[in-house]
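To keep things clear, I will list the structure first and then write my remarks on it.
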Amino acid sequence: MLNAGSSSIKYQVLEIPGGECVRQGSLENIGVGGPADHEEALRIVVGEVGDLAGINAVGHRVVHGGSRFIEPTLITAEVEEHIEALSALAPLHNPANVAGIRAAKKAMPSIPQVAVFDTAFHQTMSDAASTVAIPTEVAQTWGIKKYGFHGTSHQFVSRKASDMLGGDPDQHRIITTHLGNGSSMAAIRGGRCIDTTMGFTPLQGLVMGTRAGDVDAAIIPHLIKNAGMSLSKVETMLNAQSGLMGLAGSSDFRDITSRAQAGDEAATRALEVWAWRIRHYIGGYTALLGGLDALVFTGGIGENSALGRQKATEGLEFLGIVVEDSLNTLRSGDARLVSPSGATPVVLVIPTNEELEIATQVADLVGEAR
Ligand code: ADP
């Protein structure tokens, strides 16, 4: 599978079924000192992979699939055009994804190329959940609605959670909490997403490393009119200088927690604001799901920070949500239970694996799983 960014490409070669990663690598600084462009980068990737005879398909991570792409899709010329057209909705990501696709097609012309979209899993949201309450005509003309992102991760960990719960997966009510540099949550009933915290772009929802998450939209014109800030300055502020960075000067959660534990005021406050937003959504999603069977933590913070999980669930005992200290502080790379045995809902830590999820979906599509 290939994950092409504007100046980097990451790849993994995975065996499906089984899921073993037999080769992986990444190329950085494309166009800025490293490979000249995505084409040259792909030639290097193909060189590193070696024998292409064993490669059945290439899966591309594509950030925005709009309303049109709701499942993994074989990339034809028409599909490529549509992904490119969706750049208006994801200007930071889709153009790089398209560059990766074009380069891969050139470097491996006889191998099927498949796009797997970050938005796809969320397209089961109801109209009520995904509608932005601006005039309908404006929303329709400009494609404005909640799309949601991190879909492959939410799908992967929710399926694992369902396996761990046992019983009838159609009945399972699960909240997945993906906490990394970018963070989002999803409410999932019977394997289908009913709501998620990211929106039209990945800016909405939780307090993230550098993104503000939910803000009153009126703040934007207020700053432009009164603080003399340009629109692009406000955009940069909300995406790159806010969240934990804006509150405590660092986007690194390890840094925030160690400073908070040492009594640093800004870091303590950042942690409280961060956790408040997560708890707010846990409560809201439990209501929308009509109850809860499993709360799942994943992503760099969700998988590794015992303090993060503890703060994010503080005071939710009335919902049955409890993390057991002795289990929560145990370090492990495995999927595991951190709530007391017998408690419902269960609280789980499940390491995500978006690469494996993409490869599995691609193998299902091309029907050549070996
Ligand atoms: P990305 O969204 O870029 O994929 P990750 O999922 O890798 O990011 O998450 C990065 C975040 O995870 C950082 O804020 C980092 O500080 C945090 N993190 C990683 N390891 C730990 C740890 N052991 N304890 C606390 N936070 C951690």
Side-chain angles (χ1 to χ4, degrees), residues 1-12 21 24 26 28 61 63 90 92-93 96-97 116 118-119 148-157 160 176-186 196-198 201-213 239-262 264 266-268 270-271 273-275 277-278 296-313 323 325 327-336 338 349-358:
M1 68 78 53
L2 268 177
N3 186 353
S6 57
S7 67
S8 71
I9 287 183
K10 293 188 201 131
Y11 71 91
Q12 284 194 6
C21 173
Q24 61 179 317
S26 66
E28 313 279 336
R61 179 184 184 191
V63 168
L92 301 178
H93 299 108
N97 300 152
V116 178
D118 246 25
T119 46
F149 298 87
H150 285 153
T152 35
S153 178
H154 290 293
Q155 187 168 15
F156 180 81
V157 298
K160 269 220 149 159
T176 49
T177 307
H178 178 116
L179 305 172
N181 282 317
S183 299
S184 66
M185 293 170 62
T196 190
T197 57
M198 282 179 172
T201 73
L203 179 58
Q204 198 184 349
L206 302 180
V207 175
M208 310 183 208
T210 63
R211 289 180 215 140
N239 276 299
Q241 298 161 350
S242 295
L244 298 174
M245 173 67 85
L247 296 172
S250 168
S251 63
D252 188 323
F253 200 73
R254 269 169 299 205
D255 188 34
I256 299 289
T257 46
S258 63
R259 276 169 50 200
Q261 282 167 324
D264 180 288
T268 304
L271 198 57
V273 177
W274 175 88
R277 189 83 50 85
I278 298 171
V296 182
F297 285 100
T298 193
I301 299 168
E303 292 167 29
N304 297 305
S305 176
L307 180 62
R309 293 189 294 264
Q310 187 230 314
K311 297 295 294 178
T313 52
V323 297
D325 218 33
L327 297 173
N328 190 37
T329 51
L330 219 88
R331 289 200 61 81
S332 157
D334 295 333
R336 59 201 187 273
V338 293
V349 176
I350 303 181
T352 195
N353 192 338
E354 291 164 275
E355 294 78 11
L356 175 59
E357 180 64 28
I358 289 173

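We count ligands from 1, going down the list as the structure has it; atoms in each ligand are counted the same way. This one's a predicted model, so the numbers in the text were calculated from it and none came from an experiment. The first residue in the sequence is number 1, and the count goes up from there.
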Under-4.0 Å heavy-atom contact between protein and atom 5 (P) of ligand 1: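 So far as the 4.0 Å threshold goes, atom 5 (P) of ligand 1 is in reach of a protein heavy atom.
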Identify, for [atom], the protein heavy atom at the shortest distance, and state residue, atom and that distance.
| atom | value |
| --- | --- |
| atom 14 (O) of ligand 1 | Phe253 N, 3.0 Å |
| atom 7 (O) of ligand 1 | Gly300 CA, 4.2 Å |
| atom 2 (O) of ligand 1 | Asn181 N, 3.0 Å |

Pick from [options]: the one approaching [atom] most closely through a non-hydrogen atom:
| atom | options | answer |
| --- | --- | --- |
| atom 11 (C) of ligand 1 | Leu244, Leu179, Thr298, Ile301 | Ile301 |
| atom 27 (C) of ligand 1 | Arg254, Met208, His150 | Arg254 |
| atom 22 (C) of ligand 1 | Asn304, Thr257, Thr352 | Asn304 |

Item to complete: Identify, by atom number and element, the atoms of ligand 1 in contact range of Ser305, meaning under 4.0 Å from any of its heavy atoms.
Response: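 Checking each atom against Ser305, I get 25 (C).
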Exercise. For ligand 1, which atoms have a heavy atom of Gly182 less than 4.0 angstrom away?
Worked result: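 Matching atoms, with element in brackets: 2 (O).
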Inter-residue atom distance [X].[atom1] - [Y].[atom2], 0.5 Å rounding:
| X | Y | atom1 | atom2 | value |
| --- | --- | --- | --- | --- |
| Asn3 | Glu354 | CG | CD | 8.0 Å |
| Ile350 | His178 | CD1 | NE2 | 13.5 Å |
| Thr298 | Met185 | OG1 | CE | 13.0 Å |

Q.
Are more than 12 heavy atoms, taken from residues, nucleotides or ligands other than Lys160, located less than 6.0 Å from that residue's NZ atom?
A.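 No.
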Polar proximity ligand 1 side, Asp252 side, N/O cut 3.5 Å exclusive: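 Yes; the residue has a nitrogen or oxygen that sits under 3.5 Å from a nitrogen or oxygen of the ligand.
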Check: Parallel under 30°, tilted from 30 to 60°, perpendicular over 60°: which one fits the rings of Phe253 and Trp274?
Finding: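 Judged by the thresholds at 30° and 60°, the geometry between Phe253 and Trp274 is tilted.
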Please answer whether the main-chain N or O of Gly205 pairs with a side-chain N or O of Arg277 as donor and acceptor at a distance below 3.5 Å.
->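 At least one qualifying donor-acceptor pair exists.
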- Is a side-chain donor or acceptor of Arg309 paired with a backbone partner of Val349 at a separation under 3.5 angstrom?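 Answer holds: no.
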May I ask whether Ser251 has any heavy atom positioned less than 4.0 angstrom from an atom of ligand 1?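 In this structure, Ser251 qualifies as a contact of ligand 1 - some heavy atom is under 4.0 Å.
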Q. Is it true that the side chains of His154 and Ser184 contain a donor and an acceptor less than 3.5 Å apart?
A.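 Side-chain D/A pair, His154 to Ser184: present.
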